[in-house]
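Single-structure report; data block below.
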2 protein chains.
Amino acid sequence: MDAEAIKRSLGGSGLRCTPQRYAVMAFLMEHNSHPTAAQIFEAVNRVDPRSSRATTYNNLRDLVQAGLVREVAVEGRAARFDAKGMRHHHFICDRCGNVEDIEWYDVPRPASRSLGKRMLRECELIFRGLCTKCALRDTLPVKCRRHVGTR
Amino acid sequence: MDAEAIKRSLGGSGLRCTPQRYAVMAFLMEHNSHPTAAQIFEAVNRVDPRSSRATTYNNLRDLVQAGLVREVAVEGRAARFDAKGMRHHHFICDRCGNVEDIEWYDVPRPASRSLGKRMLRECELIFRGLCTKCALRDTLPVKCRRHVGTR
DNA sequence: TGAAGAATTTAGATTCTATCTAATGTGACA
DNA sequence: TGTCACATTAGATAGAATCTAAATTCTTCA
């Protein structure tokens, strides 16, 4: 959306605002669908300046390190990425693996006794179950299922 | 530890108690180090009945589906596995990727409004930061670092 | 300017993780 | 004992992410 804001946040993290890096960041800010690296690579390359797979991964790594993007690991599937906008939690669908945002609320920290000498950086709350589509699909008679996309 | 208990919990989930499956389950119950599939495969095969990689993965999948084992996805690294004993949360080290248990405490559920039609199965609380070893390593002068194993 | 050096990108190879295949083995039960 | 579903196996394959080494672009500063 706001090109200047993206430039500023990249610069503020010591990252050059290259076309490829900008494209990745802009795509993530315009889509809250938690895409995979492959999806980002493909989407960014549908538009002009062609970028390589390695660059997409490099840039995602840099953006995550800079704290501008969050990476969500999903068991048995490719990692998902998410521009850090408003704070939120994540819901991961057991069946289709899609990641969705859940409205933020505060998470109680563990007792310092149970943390020991560990350095706590963040608490992350993850919900699991069936997303709306998959939950609906479960309650439909079999002959109707094909009408509900699986992702 | 208790062979009979393992047999019973496998049987109760409709899983035969094969030597390979038993070995995986027993290993997970004896080690709370959250090993990877590769580590489990190797450890189980150091003892007698040789098991194949595919079987190790198959059995881990079955045990997770049966709810006897938990799988923890870690960004950029192999998944970790964990026999479900006492309830606990997880701490994942940013640097070495190791997973450690954190004493259980209740997690507040999200407002049903923010869940919509999703079917919630579980809430998982994950802490991130530096484990004791890595936190210590950070505060040591460089010349001493080699004395602290990274794994 | 423009030369040097740092950061970035690139295609393709490679590594690592996990799953699939098709054949074989095993055990429960009638 | 025969049958059938469940399990295991080695090796091939798929999928995700990283590495390599060379080329390119940017920044800085003489």
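Labels below follow one simple rule: chain letters A, B, ... track the order of the sequence lines, proteins then strands, and each chain is numbered from 1.
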Using whole Å, what does the distance between atom [atom2] of nucleotide [N] and atom [atom1] of [X] come to?
X: B:Lys7; N: C:dA28; atom1: NZ; atom2: C1'; answer: 15 Å
X: B:Glu75; N: D:dT18; atom1: CD; atom2: C1'; answer: 16 Å
X: B:Phe41; N: D:dT9; atom1: CZ; atom2: C1'; answer: 11 Å
X: B:Glu42; N: C:dC16; atom1: CD; atom2: P; answer: 14 Å

Atom pairs, protein N/O to nucleotides 2-9 of chain C N/O, distance under 3.5 Å:
unit_1 : atom_1 : unit_2  : atom_2 : d
C:dA7  : O4'    : A:Arg16 : NH2    : 3.1
C:dT8  : OP1    : A:Arg16 : N      : 3.1
C:dT8  : OP1    : A:Arg21 : NH1    : 2.7
C:dT9  : OP1    : A:Thr18 : OG1    : 2.3
C:dT9  : OP1    : A:Gln20 : OE1    : 3.2
C:dT9  : OP2    : A:Asn59 : OD1    : 3.1
C:dT9  : O3'    : A:Gln20 : NE2    : 3.0

Set of side chain to side chain donor-acceptor pair (under 3.5 Å) partners for A:Gln65, sequence neighbours left out: none
Any residue meeting side chain to side chain donor-acceptor pair (under 3.5 Å) with A:Arg61, in chain and number order, not counting sequence neighbours: A:Asn58
Enumerate donor-acceptor pairs with a distance under 3.5 Å from any side-chain N or O in residues 14-21 of chain A to protein atoms, sequence neighbours excluded.
unit_1  : atom_1 : unit_2  : atom_2 : d
A:Thr18 : OG1    : A:Arg21 : N      : 3.1
A:Arg21 : NE     : A:Asn59 : OD1    : 2.9
A:Arg21 : NH1    : A:Arg16 : O      : 2.9
A:Arg21 : NH2    : A:Asn59 : OD1    : 3.3
A:Arg21 : NH2    : A:Asp62 : OD2    : 3.2

Sequence neighbours excluded - ring-ring contact (aromatic ring centres under 6.0 Å, His included) pairs with any residue from residues 99-126 of chain A: A:His89-A:Trp104, A:His89-A:Tyr105
Residues B:Glu42, B:Arg46: salt bridge by 4.0 Å N-O rule: yes
Any pair counted as side-chain hydrogen bond (donor to acceptor under 3.5 Å, both in side chains), so long as it reaches residues 118-131 of chain B, sequence neighbours left out: A:Asp94-B:Arg121, A:Glu100-B:Arg118, A:Glu124-B:Arg128, A:Arg128-B:Glu124, B:Glu75-B:Arg128
Partner set under salt bridge (Lys or Arg N to Asp or Glu O under 4.0 Å) for B:Arg113, not counting sequence neighbours: A:Glu103
N/O-N/O pairs, protein side and nucleotides 15-17 of chain D side, under 3.5 Å:
unit_1 : atom_1 : unit_2  : atom_2 : d
D:dA17 : OP1    : A:Ala79 : N      : 3.1
D:dA17 : OP2    : A:Tyr57 : OH     : 3.0

Hydrophobic cluster of A:Val74, others only, ordered by chain and residue number, side-chain cut-off 4.5 Å: A:Val72, A:Ile92, A:Val99, A:Ile126, B:Val72, B:Val74, B:Ile92, B:Val99, B:Ile126
